[in-house]
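The structure appears below as structure tokens.
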Amino acid sequence: MCYVKCARYIGFSLVWAAVFCIVANALLYFPNGETKYATEDHLSRFVWYFAGIVGGGLLMLLPACVFIGMDEEDCCGCCGYGNYGKRCSMLSSVLAALIGIVGSGYCVIVASLGLAEGPKCSDANGVWNYTFASTEGKYLLDSSSWSKCYEPQHIVEWHVTLFSILLAFSAIEFILCLIQVINGVLGGTCGYCGSRQQQYNC
């Protein structure tokens, strides 16, 4: 497969993953569709790190646009030197992929910490705290303990589901960007242009 086509496929995949991250992070601000928990500062502190909106979302759109915008037809030629144009393009995509790795890595870390700590909720005494912070994430395997959170209703399910989505899609983004680093290096050193069936040697 042409290295450029591979990069474009990765770019389109990153766009969809970024959209899912942005939506999941945005929904974390509105448990049960209500805004009062955000205004009263009753949300998990990791929600306010904007990991899905910035790290797995907006920051990921930069490499995605670079990969998608790579011109498949401009396969060869740069300043009179054949093949240099595409090689430069592929190698420059590695820098964009590294930005994506940083953004997705940030989202993976924040989502993991958010899942480990659990949601901020009100207990039976009406006290707001991180009920599962001391469990080191073990509450995830014990759904019977989720009833310790009284408000917002079903906050544990909401928290776990959305942070899991963030973790999953940001991990996918990380892997895709890592693949593009390899793809970019190979394409920049031993490129192959499928549209003209022309190969240039290392």
Side-chain angles (χ1 to χ4, degrees), residues 10-66 96-178:
I10 290 175
F12 285 116
S13 299
L14 287 178
V15 169
W16 282 108
V19 170
F20 278 108
C21 284
I22 291 173
V23 171
N25 199 155
L27 289 175
L28 282 168
Y29 293 100
F30 309 106
N32 300 325
E34 300 182 57
T35 60
K36 66 177 183 178
Y37 301 110
T39 57
E40 295 172 358
D41 193 26
H42 289 156
L43 298 178
S44 167
R45 58 180 176 148
F46 291 107
V47 175
W48 299 105
Y49 287 9
F50 303 105
I53 295 176
V54 177
L58 299 178
L59 196 59
M60 198 56 53
L61 294 178
L62 173 61
C65 290
V66 171
L98 292 176
I99 294 175
I101 287 176
V102 172
S104 58
Y106 171 67
C107 191
V108 165
I109 292 172
V110 173
S112 299
L113 293 174
L115 282 172
E117 185 174 65
K120 186 177 183 179
C121 60
S122 175
D123 59 21
N125 299 318
V127 178
W128 289 86
N129 52 37
Y130 292 95
T131 305
F132 306 108
S134 61
T135 67
E136 299 179 348
K138 293 179 181 178
Y139 78 96
L140 293 168
L141 304 175
D142 184 15
S143 58
S144 61
S145 66
W146 296 0
S147 59
K148 293 179 181 179
C149 282
Y150 281 76
E151 188 183 1
Q153 290 185 352
H154 308 295
I155 184 58
V156 182
E157 293 89 338
W158 185 266
H159 181 93
V160 170
T161 299
L162 294 177
F163 268 111
S164 295
I165 290 174
L166 282 178
L167 179 60
F169 279 98
S170 58
I172 291 172
E173 291 172 341
F174 187 91
I175 294 172
L176 288 175
C177 287
L178 191 59

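These numbers were taken from a predicted model, which means no experiment stands behind them.
Taking the six-membered ring where the residue is Trp, Phe163 and His159 present tilted rings, their angle falling between 30° and 60°. Taking the six-membered ring where tryptophan is involved, the planes of Trp128 and Tyr37 are tilted, since the angle between them lies from 30° to 60°.
When every heavy atom of Leu59 is checked against every heavy atom of Gly103, the shortest pair comes out as CD2-CA, 3.6 Å. Summarising the geometry of Ser147 relative to Ser144, their closest heavy-atom pair is OG-O, 3.3 Å, with the distance given to 0.1 Å. Of all heavy-atom pairs between Val110 and Phe46, the closest is CG1-O, 3.7 Å. Summarising the geometry of Leu167 relative to Val108, their closest heavy-atom pair is CD1-O, 3.7 Å, with the distance given to 0.1 Å. In plain terms, the two heavy atoms of Pro119 and Cys149 that are nearest each other are CG-SG, 4.5 Å. Contact record, Asn25 with Ala51: OD1-N, 3.4 Å, taken as the closest heavy-atom pair.
Between Ile10 atom CD1 and Ile175 atom CD1 the span is 11.5 Å, to the nearest 0.5 Å. Taking OG1 of Thr35 as the start and OH of Tyr29 as the end, the distance is 14.0 Å to the nearest 0.5 Å. Note that the SG atom of Cys121 and the CG atom of Asn129 stand 6.5 Å from one another [nearest 0.5 Å]. Taken from NE2 in His154 to CG in Asn32, the straight-line distance is 7.0 Å, to the nearest 0.5 Å. Atom CE of Met60 is separated from atom CZ of Phe174 by 10.0 Å, given to the nearest 0.5 angstrom. Considering NE2 of His42 and CD1 of Ile155, their distance stands at 12.0 Å, rounded to 0.5 Å.
More than 12 non-hydrogen atoms from other residues, nucleotides or ligands lie less than 6.0 angstrom from OH of Tyr130. Counted within 6.0 Å of CZ on Phe20, heavy atoms from surrounding residues, nucleotides or ligands total 12 or fewer; the atom is thus considered open. At most 12 non-hydrogen atoms from other residues, nucleotides or ligands lie less than 6.0 angstrom from CD of Gln153.
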Audit row: Tyr139, Val160, side-chain contact (heavy atoms from CB on, under 4.5 Å) steps and yes/no: CA-CA 10 Å; Tyr139 78 96; Val160 170; 4.0 Å; yes

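In this structure, the side chains of Leu43 and Leu28 stay at 4.5 Å or more apart for every pair of heavy atoms. Side chains of Val102 and Leu98 form no contact here, defined as non-hydrogen atoms less than 4.5 Å apart.
For the two cysteine residues Cys21 and Cys107, the thiol sulfurs sit 2.5 Å or further apart.
Among pairs with a residue in residues 18-46, those fulfilling salt bridge (charged side-chain N to carboxylate O under 4.0 Å, His left out) read Glu34-Lys36, Lys36-Glu151, Arg45-Glu117, at least two apart in sequence or across chains.
A donor-acceptor pair under 3.5 Å links the side-chain atoms of Thr135 to the main chain of Phe132, judged by distance alone. A donor-acceptor pair is defined here as one N or O able to donate and one able to accept, closer than 3.5 Å; no such pair exists between the side chain of Asn125 and the backbone of Val127. Checked by atom type and distance alone, the side chain of Glu173 never pairs as donor or acceptor with a backbone atom of Gly100 at under 3.5 Å.
Side-chain rings of Trp16 and Phe169 stay apart, their centers remaining 6.0 Å or farther from each other.
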